[in-house]
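This report refers to the structure that appears directly beneath it.
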Amino acid sequence: MRLTIGQARRVAIAAQGFAEPKPVGPVTRAHLRRLVARIQVLQLDSVSVAVRAHYAPVFSRLGPYDRSVLEKAAWSHSAKSPRLLVEYWAHEAALMAVDDWPLLRWRMREYADGRWGKEIVRKNRQLAEDIVVAVAELGPSTAGQIEAHLESEPRGHKGPWWDRSDTKWVSEALFASGVLTTATRVGFARHYDLSERVLPPEVFSREVDDDVAVRELVLRASTALGVATETDIRDYFRLGARQAKPVIADLVAEGHLEAVEVEGWSAPAYLRAGQVIPRVDRGTALVCPFDPLIFFRPRVERLFDFHYRIEIYVPEAKRQFGYYVWPFLLDGRLVGRVDLKAERVRSALHVVGAFAEPGQNARGVAAALAGELRSMASWLGLSDVIVGERGDLVGELQAALR
């Protein structure tokens, strides 16, 4: 089977949930559950210049919503409203469905000494044990609170004999190994607790064979992508080639995936079985830099002919488009990009820069973009949208907003 690039793009947009109408009325836990079941991960990132990354994909697909719905689903638990999401290294740091946590036990074993700073963990085995005891005593705690507690303990096998930064390194290693997880966040600061106290008992105790887990992750990535190359599929959950290649072959043999050619792609692609190929281009949204639709940049370029790089770490004078740039999806195509900043003091969403892609109708792009920006500003509790001077789209956008 051969797909045109337009067909592949429409499949990808539909698989990510952009082609469906936004809900009428308030967004509920049920809406959120269905969305996470579809896209699997909400990536976490500390940058808050506009809005933190995990909130944005929900807004892009479901429209303005009460962010407390997501916060309660991720960082609180009650008998009436059980925890829906949990944090782990699913793509990068991400929120994922609580029930899926056991699918990554193989990664937790790989990260037994943490993801980074393994030498720090290996030379601080006692500190790791002390942190676990401290968290058991304290309940949900930041690394700073854990450290203060340990320093206040009587001298003995405990005490301030470690480097102050070691507590954070080792706490993160315990998170990576699955011993600790995030119970809650306050001001985005992670409060660690024992995973066995945060997760439902049936989830915490569930063991999944590594091969079964990887197969499930490959299948979920394929479903979330719609049509994808092997490298696209692997990137979604950061799987290795030796893990994914045989699983993809098995899924093709079993009929769960169909090997296809995509116009302009040099590598073979795989279409999720049963995936309908839409006939019409749909999907309009501002897309966060860490949205699952675009977090694998080579795929973005192949699908949309859209070169995108985040420029946070590029010196300001050398940035091409800006600090925190959101691509703009209009009727299933990436047609422009805007550098956004939420300015609370001015109660304004500041469009620092606005750029149209080559060959686009700037007036049409600006008209549609203005509506999305107004919606985003209102969602963030801002009363105005203001436009700066950078970019070839600012004039048309200013006119559209007037």
Side-chain angles (χ1 to χ4, degrees), residues 17 22-44 51-59 61-91 93-105 107-108 131-146 149 171-172 174-208 212-213 216-217 220 224 379:
K22 293 180 172 65
V24 176
V27 170
T28 65
R29 278 174 58 92
H31 290 115
L32 182 61
R33 182 185 292 107
R34 286 195 294 270
L35 178 59
V36 172
R38 182 173 217 152
I39 66 174
Q40 301 296 318
V41 294
L42 297 171
Q43 188 170 336
L44 294 158
V51 63
R52 294 199 191 276
H54 55 286
Y55 294 111
V58 183
F59 167 73
R61 291 160 178 79
L62 302 182
Y65 72 102
D66 184 346
R67 279 175 282 170
S68 70
V69 173
L70 175 54
E71 291 162 0
K72 290 174 183 176
W75 298 305
S76 69
H77 175 85
S78 68
K80 185 177 180 181
S81 184
R83 186 184 299 266
L84 180 64
L85 306 174
V86 68
E87 292 185 28
Y88 192 62
W89 295 105
H91 172 71
L95 291 166
M96 61 188 294
V98 163
D99 286 348
D100 293 345
W101 188 84
L103 296 177
L104 290 163
R105 284 191 183 276
R107 180 166 288 161
M108 295 171 198
I131 288 172
V132 172
V133 172
V135 171
E137 293 175 2
L138 292 170
S141 310
T142 65
Q145 290 169 336
I146 295 166
H149 176 79
S171 296
E172 279 297 294
L174 290 166
F175 171 84
S177 68
V179 176
L180 302 180
T181 190
T182 307
T184 190
R185 283 185 181 263
V186 179
F188 204 63
R190 178 179 281 158
H191 288 239
Y192 302 93
D193 201 355
L194 303 179
S195 295
E196 63 198 84
R197 293 202 299 214
V198 172
L199 297 165
E202 67 276 12
V203 172
F204 181 76
S205 63
R206 188 185 308 144
E207 293 290 341
V208 182
V212 172
E216 186 61 30
L217 292 171
R220 289 176 186 223
W379 173 57

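R107 places a side-chain N or O within donor-acceptor distance of the main-chain N or O of W89, the cut-off being under 3.5 Å. In this structure, S195 contributes its side chain and G178 its backbone to a donor-acceptor pair below 3.5 Å. Looking at H77, its side chain does come within 3.5 Å of a backbone N or O of R83 through a donor-acceptor pair. Under the 3.5 Å distance criterion, the side-chain polar atoms of R206 are left unmatched by any main-chain donor or acceptor of W101.
For the residue pair Y192/E172, the side-chain donor-acceptor check at 3.5 Å is satisfied.
Separating the NZ atom in K22 from the NE2 atom in H31 is a distance of 12.5 Å, to the nearest 0.5 Å.
Between R29 and S81, some side-chain heavy-atom pair lies under the 4.5 Å cut-off. M108 has its side chain within reach of Y88: a pair of non-hydrogen atoms, C-beta onward, lies under 4.5 Å apart. Side-chain contact between F175 and R190 is present, with at least one heavy-atom pair separated by less than 4.5 Å. Side-chain atoms of V36 and L95, non-hydrogen and from C-beta on, never get closer than 4.5 Å to each other. Proximity of F188 to L44: side-chain heavy atoms (C-beta onward) are separated by under 4.5 Å at one or more points.
Counting heavy atoms of neighbouring residues, nucleotides and ligands inside a 6.0 Å radius, atom NZ of K72 does not exceed 12 of them.
When all heavy atoms of V98 and P102 are compared, the closest pair comes out as O-CD, 4.1 Å. Pairing each heavy atom of D193 with each of A183, the nearest pair is CB-CB, 3.7 Å. The two atoms that bring I131 and I146 nearest to each other are CG1-CG2, 4.0 Å, heavy atoms only. For the residue pair S177 and L174, the shortest heavy atom distance occurs at OG-O, 3.1 Å. The shortest heavy-atom contact between P57 and L42 is CB-CD2, 3.9 Å. In plain terms, the two heavy atoms of V212 and V208 that are nearest each other are CG1-CG1, 4.0 Å.
The side chain to side chain contact (heavy atoms under 4.5 Å, CB included) test with F204 is passed by exactly one of T181, V198, L199: L199.
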Item to check | Check against side-chain contact (heavy atoms from CB on, under 4.5 Å), M96 and L103 | outcome: CA-CA 11 Å; M96 61 188 294; L103 296 177; 5.6 Å; no

Checklist entry - Run the side-chain contact (heavy atoms from CB on, under 4.5 Å) check on R185 and E87 step by step: do they pass? => result CA-CA 11 Å; R185 283 185 181 263; E87 292 185 28; 2.7 Å; yes

Checklist entry - Checking side-chain contact (heavy atoms from CB on, under 4.5 Å) for the pair V69/T28: CA distance, chi angles, key distance, verdict? => result CA-CA 7 Å; V69 173; T28 65; 6.0 Å; no

Next on the checklist: Please evaluate residues L217 and L104 with respect to the criterion side-chain contact (heavy atoms from CB on, under 4.5 Å), reporting the C-alpha separation (whole Å), side-chain torsions for both, the decisive distance (0.1 Å), and the verdict.
Outcome noted: CA-CA 9 Å; L217 292 171; L104 290 163; 3.9 Å; yes

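Between R220 and E216 there is a salt bridge, since at least one side-chain N of the basic residue sits less than 4.0 Å from a carboxylate O of the acidic one.
W379 and F59 have parallel rings, their planes meeting at less than 30° on a 0 to 90° scale where 60° marks the start of perpendicular.
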